[in-house]
Amino acid sequence: VPLVRRRDFLGAGAAALASSLVPRAAFGAKLVAHLPSPQDLATPLEYFDRLITPTEVFFVRSHFGPPALDPSRKVHVEGDGALDVSVDDLRKFKEVTITAVLQCAGNGRALQRPRVPGVQWGHGAMGQATWTGVRLADVLDKVGIPPDSTWVHTEGWDRPPMPTTPRFLRAMTVARALDPTTLIAYRMNGQPLSLAHGAPMRLVVPGLPGDEWTKWLRTVKLASAEPEGFYFQTAYRYPTHPVQPGAAVPPAEMKPAGRLPVKSIIARPADGARLARGRNEVVGVAFSGFAPVDRVEVSVDGGAHWSRASLDGEPGRGRWQVFRLPFEAPGPGRYVAVARAVDGRGNAQPQTPAWNPSGYFWNAWHSVSFEVAP
Amino acid sequence: VIALASLAALALAASTPEQAQPGAPGSPPVAAAPAPADAAAGERLAAQACGVCHSTAMLSQQRLTPAQWQASVKKMRGWGAQLEDGDADLLARYLAARYPVDAPEAPVPEVDAAAAAAALAPQQDGPFARGDAALGAREFATLCAPCHGKDARGSHPGPNLVDRPILYRAQDVAAIVRNGRGQMPPQGVTDPVIAAIIAWLRTLERP
């Protein structure tokens, strides 16, 4: 199933129509403030019942906070030649809109045991949006790709609070950069990117975690080696083999974290909810960075019996679908709903994920406890 | 539509994956609580060394072993946190006692989504428009450079000010300068001086 669908949501020249379709959160909507400054804000779980997360309630994360707002900033792209492109300059390239999940590698860190340091995200460091921009491949093709290139180094305009603190930088393989779903994006959900989400331009790398989706994009450089620096050589790494929970893992046994593992999250019922008797449903989202979702199974008796949920939305790698399972409780009392997903490659969401030193990729079966009223 | 069999769910709830036991297998013993004087010193060190870059919430949401706190303090010293050896040790012990693995979960506040977006948005310059950048350079050198560095790119204990959203939020700058914040003492300065400093900071090349 193609992930890139130009006619999917936003056609070229359909901006007027698009603005009437921009998904909105209710007036007075809230975010969960893990850190007030620099902002690390999570999306409340109630929004994970739909295909598109409204921008106002879309999670916000960065290491150092944004640079000043400047819509005229350019991205420096370097290969055989070099190019400095503003949003306006990108009009020379074909515009593409895709729908994809953005998830922080550390989403769910608070649930890992033993605990590890870092922002203690619950489930809210994820969202899905439509992303509009141009293919990174088209821009790299324009500058020319040196034959010995293996990596694409990326940096944003954001800077650490002190010169002694390492700059944020990332890299992806040339193959991943040339994937037709990898974009330099300038619109999110049909509107110009907000400062919190990377204005004026950011990378979109469906299937990979948020650290690769460089915000406030400043440089894109083809290179024949991995970049040096803490945020590539040390951070965003995952053990090459299963490790004992709590173990210190030598650097040689860590590799770049890679793709988002298969995951499903229940939006409703909310944990601790009290439901009226009668017909109810378990609703949530499921995705995988490896393949489209194959199925989501839901239990409403704490895992004793499972039923296959229906799936809404277009399947795609790195794109979420909404799952639903209607049910009717036989009587009042307390119930536990559990969801688990399997992707098209047969990767199954684990009951207990592997522990890792940075608390990445938590994707345990999600369960919620709720009460059905008499 | 499926019907539920029983209330067996309740019993299963206890074994759901998110209710894993806190605390690491084989985790080191919890550090002995520091003496009250050490606790006060630890709190002061946290404000001085961590507060330059981190909100208090960054500390209070962690629940870590003494070894993890020591490693975190060591990492942050490498990144520029100003601590003498003895103070680093004291700070790590304070943090381990204050935010141990078995601490109760810190509440996570909600924030209004519109207010969060507004906190980054440019403001009208108002009385701080059209500042004299040359004057700003001189005023910055005496007033701000001792903490923020002569090039404003961050030093101790003042963070980088170049290319930051706050440079376009002049009212906020004025409030911070006049009221102080964290370790920054209040400064009695006029509107034209604030406008001048802002004007100069805006001319600096992006790092």
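Below, chains carry the letters A, B, ... as their sequence lines are ordered, and counting in each starts from 1.
- Contact of B:Q68 with chain A is made through the side chain alone, with heavy-atom distances under 4.5 Å.
- In this structure, the portions of A:L31 lying under 4.5 Å from any heavy atom of chain B include both its backbone and its side chain.
- When B:I166, B:V111, B:N160 are compared by the number of non-hydrogen pairs under 4.5 Å with chain A, B:V111 comes out ahead.
- By number of non-hydrogen pairs under 4.5 angstrom with chain A, the leading residue of B:A116, B:A106, B:S72 is B:A116.
- For A:P160, the part sitting under 4.5 Å from any heavy atom of chain B is the backbone (N, CA, C, O) and nothing else.
- Contact annotation for A:W157: both backbone and side-chain heavy atoms come within less than 4.5 Å of a heavy atom of chain B.
- Of the listed residues (B:R202, B:R169, B:H156), the greatest number of heavy-atom pairs within a distance under 4.5 Å of chain A belongs to B:H156.
- Using a 4.5 Å heavy-atom cutoff, the side chains of B:P165 and A:L195 are in contact.
- Remark: B:D112 CG to A:F27 CZ distance equals 7.5 Å, nearest 0.5 Å.
- Of the atoms belonging to A:S194, not a single heavy atom falls under 4.5 Å from chain B.
- Under the 4.5 Å side-chain criterion, counting only non-hydrogen atoms from C-beta, B:C53 is in contact with A:M162.
- B:Q62 approaches A:V119 most closely through the heavy-atom pair NE2-N, 4.4 Å.
- Atom CZ of B:R77 sits about 13.0 Å away from atom OG1 of A:T164, to the nearest 0.5 Å.
- Closest non-hydrogen pair, B:V108 versus A:A33, comes out as CG1-O, 3.5 Å.
- If you measure heavy-atom distances from B:V162 to chain A, you find no contacts under 4.5 Å at all.
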Could you walk me through whether A:R73 and B:D163 pass salt bridge (charged side-chain N to carboxylate O under 4.0 Å, His left out), step by step? CA-CA 12 Å; A:R73 280 178 205 267; B:D163 197 24; 2.8 Å; yes
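- In terms of heavy-atom pairs under 4.5 angstrom with chain B, the leader among A:A337, A:P67, A:P163 is A:P67.
- With a 4.5 Å cut-off on side-chain heavy atoms, A:D40 and B:M58 do not count as touching.
- Of the inter-residue distances, the one linking B:Q61 atom CD with A:R109 atom CZ reads 9.0 Å to the nearest 0.5 angstrom.
- Atoms NZ and CZ, from B:K75 and A:F230 in turn, are 3.5 Å apart once rounded to the nearest 0.5 Å.
- Ion pair A:D70/B:R206 flagged as a salt bridge, since at least one NZ, NE, NH1 or NH2 atom sits closer than 4.0 Å to an Asp/Glu carboxylate oxygen.
- B:A113 and A:V57 make their closest contact through CB-CG1, 4.4 Å (heavy atoms, listed as atom of the first residue, atom of the second, distance).
- When the shell of 6.0 Å around CD of B:Q124 is examined, it contains 12 or fewer heavy atoms from other residues, nucleotides or ligands.
- Residues A:D158 and B:R164 are not paired through a salt bridge, judged by the lack of any N-O separation under 4.0 Å between the basic side chain and the carboxylate.
- Counting heavy-atom pairs closer than 4.5 Å to chain B, the top-ranked of the candidates A:P66, A:A196, A:S37 is A:P66.
- Summarising the geometry, atom CG belonging to B:L120 is positioned 4.5 Å from atom CD belonging to A:Q39; distances are rounded to the nearest 0.5 Å.
- In this structure, the portions of B:P109 lying under 4.5 Å from any heavy atom of chain A include both its backbone and its side chain.
- The closest donor-acceptor contact from the side chain of B:S55 to the backbone of A:L35 lies at 3.5 Å or more, if one exists at all.
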